[in-house]
Amino acid sequence: STTAFTAVNLIVCFKLMLYSQSMLAKSCWLPTAGALLCYGIALFMIGYTSIGKSFQPNLWHIPGELVNNADALLAVIAATAGALSLDVVGLLVSYFVWPSQLELARRKW
């Protein structure tokens with residue numbers, strides 16, 4: 001479940017970046033990096049502290065197992081890449097086949 005939840009978090013964060021107006025701006029990647037950092041801290045707190053063990057004893061040392069298990073990491077990467085590939089193809093098709101008026105104006109600039 002931690003593997004799936006990690007994949008969902010990555011997919012949501014990267015989709016938000018993908019559909020933002022300027023994906024390379026600090027105002028886009030800095031909050032995304034902060035959100036992923038908060039998620040990592042939350043995983044650490046649940047998996048390796050006494051309060052995390054009292055709240056969720058089933059997740060004791062699971063974040064470390066997620067990182068050390070090659071199949072789990074591959075599943076996270078494959079799920080993220082698979083989900084985002086559809087959006088990337090859709091954005092590329094809409095950019096080249098059905099460009100908006102703003103995209104056409106930017107091309108003339």
Side-chain angles (χ1 to χ4, degrees):
S1 66
T2 305
T3 303
F5 192 61
T6 301
V8 167
N9 277 321
L10 290 174
I11 290 167
V12 168
C13 285
F14 291 140
K15 274 191 178 189
L16 286 172
M17 286 184 69
L18 193 62
Y19 285 102
S20 70
Q21 290 181 351
S22 179
M23 132 173 43
L24 299 177
K26 282 184 187 178
S27 61
C28 181
W29 60 264
L30 201 58
T32 302
L36 293 174
L37 180 67
C38 287
Y39 177 67
I41 290 171
L43 272 181
F44 175 80
M45 294 299 288
I46 289 175
Y48 295 105
T49 62
S50 60
I51 193 165
K53 189 174 183 180
S54 67
F55 284 149
Q56 195 62 265
N58 294 338
L59 288 179
W60 189 246
H61 292 289
I62 293 294
E65 292 177 17
L66 173 69
V67 173
N68 292 329
N69 187 348
D71 291 338
L73 285 178
L74 184 62
V76 168
I77 292 168
T80 304
L84 292 177
S85 66
L86 298 173
D87 290 303
V88 169
V89 168
L91 284 175
L92 289 175
V93 167
S94 73
Y95 181 78
F96 289 111
V97 178
W98 301 292
S100 68
Q101 294 297 322
L102 179 60
E103 291 166 346
L104 291 174
R106 284 182 179 168
R107 289 180 192 172
K108 290 179 182 178
W109 180 264

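FYI, side chains are in, hydrogens and waters are out, and symmetry mates aren't considered; it's all heavy atoms of this structure. In this chain, numbering begins with 1 at the start of the sequence shown.
Chaining together hydrophobic side chains whose heavy atoms lie under 4.5 Å apart leaves Leu86 on its own. Applying the 4.5 Å side-chain rule to ILVMFWY residues, one finds Leu18, Met23, Leu24, Val88, Leu91, Leu92, Tyr95, Phe96 in the same cluster as Tyr19.
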Which atom pairs, donor and acceptor, lie under 3.5 Å between side-chain atoms of residues 38-47 and protein residues at least two apart or in another chain?
residue, atom, partner, partner atom, Å
Tyr39, OH, Thr6, N, 3.4
Tyr39, OH, Thr6, OG1, 2.7

Per-pair distances, 0.1 Å, donor-acceptor, side chain in residues 67-75, under 3.5 Å, sequence neighbours excluded:
residue, atom, partner, partner atom, Å
Asn68, ND2, Gly64, O, 3.1
Asn69, OD1, Asp71, N, 3.1

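There is a path of hydrophobic side-chain contacts, each under 4.5 Å, that joins Trp29 to Phe14.
Every side chain to side chain contact (heavy atoms under 4.5 Å, CB included) that Val8 has, sequence neighbours left out, goes to Val12. The side chain to side chain contact (heavy atoms under 4.5 Å, CB included) check on Val97 picks up Val93, with sequence neighbours excluded. Partners of Lys53 by salt bridge (Lys or Arg N to Asp or Glu O under 4.0 Å), not counting sequence neighbours: none found.
Environment of CD1 in Ile51: sparse, with no more than 12 heavy atoms of neighbouring residues, nucleotides or ligands closer than 6.0 Å.
Residue pairs meeting the salt bridge (charged side-chain N to carboxylate O under 4.0 Å, His left out) criterion with at least one partner in residues 83-98, sequence neighbours excluded, are Lys15-Asp87. Every pair tested for salt bridge (charged side-chain N to carboxylate O under 4.0 Å, His left out) that includes a residue from residues 88-99 fails, sequence neighbours excluded, so the list is empty. The salt bridge (charged side-chain N to carboxylate O under 4.0 Å, His left out) pairs that include a residue from residues 99-109 number zero, where partners must be two or more places apart or lie in different chains. Judged as a salt bridge (charged side-chain N to carboxylate O under 4.0 Å, His left out), not a single pair has a partner in residues 26-48 (not counting sequence neighbours). Residue pairs meeting the ring-ring contact (aromatic ring centres under 6.0 Å, His included) criterion with at least one member in residues 58-83, sequence neighbours excluded, are Tyr48-His61.
In terms of heavy atoms, Ala79 sits closest to Ile11 at O-CD1, 3.7 Å. Annotation for Gly82 and Ser85: closest pair O-OG, 2.8 Å, computed over non-hydrogen atoms. Here the closest non-hydrogen pair linking Pro31 and Cys28 is CD-O, 3.5 Å.
Taken to the nearest 0.5 Å, the CG atom of Asn9 stands 7.5 Å off from the CG atom of Leu36. To the nearest 0.5 Å, atom OG1 of residue Thr2 and atom CG of residue Leu59 are 4.5 Å apart.
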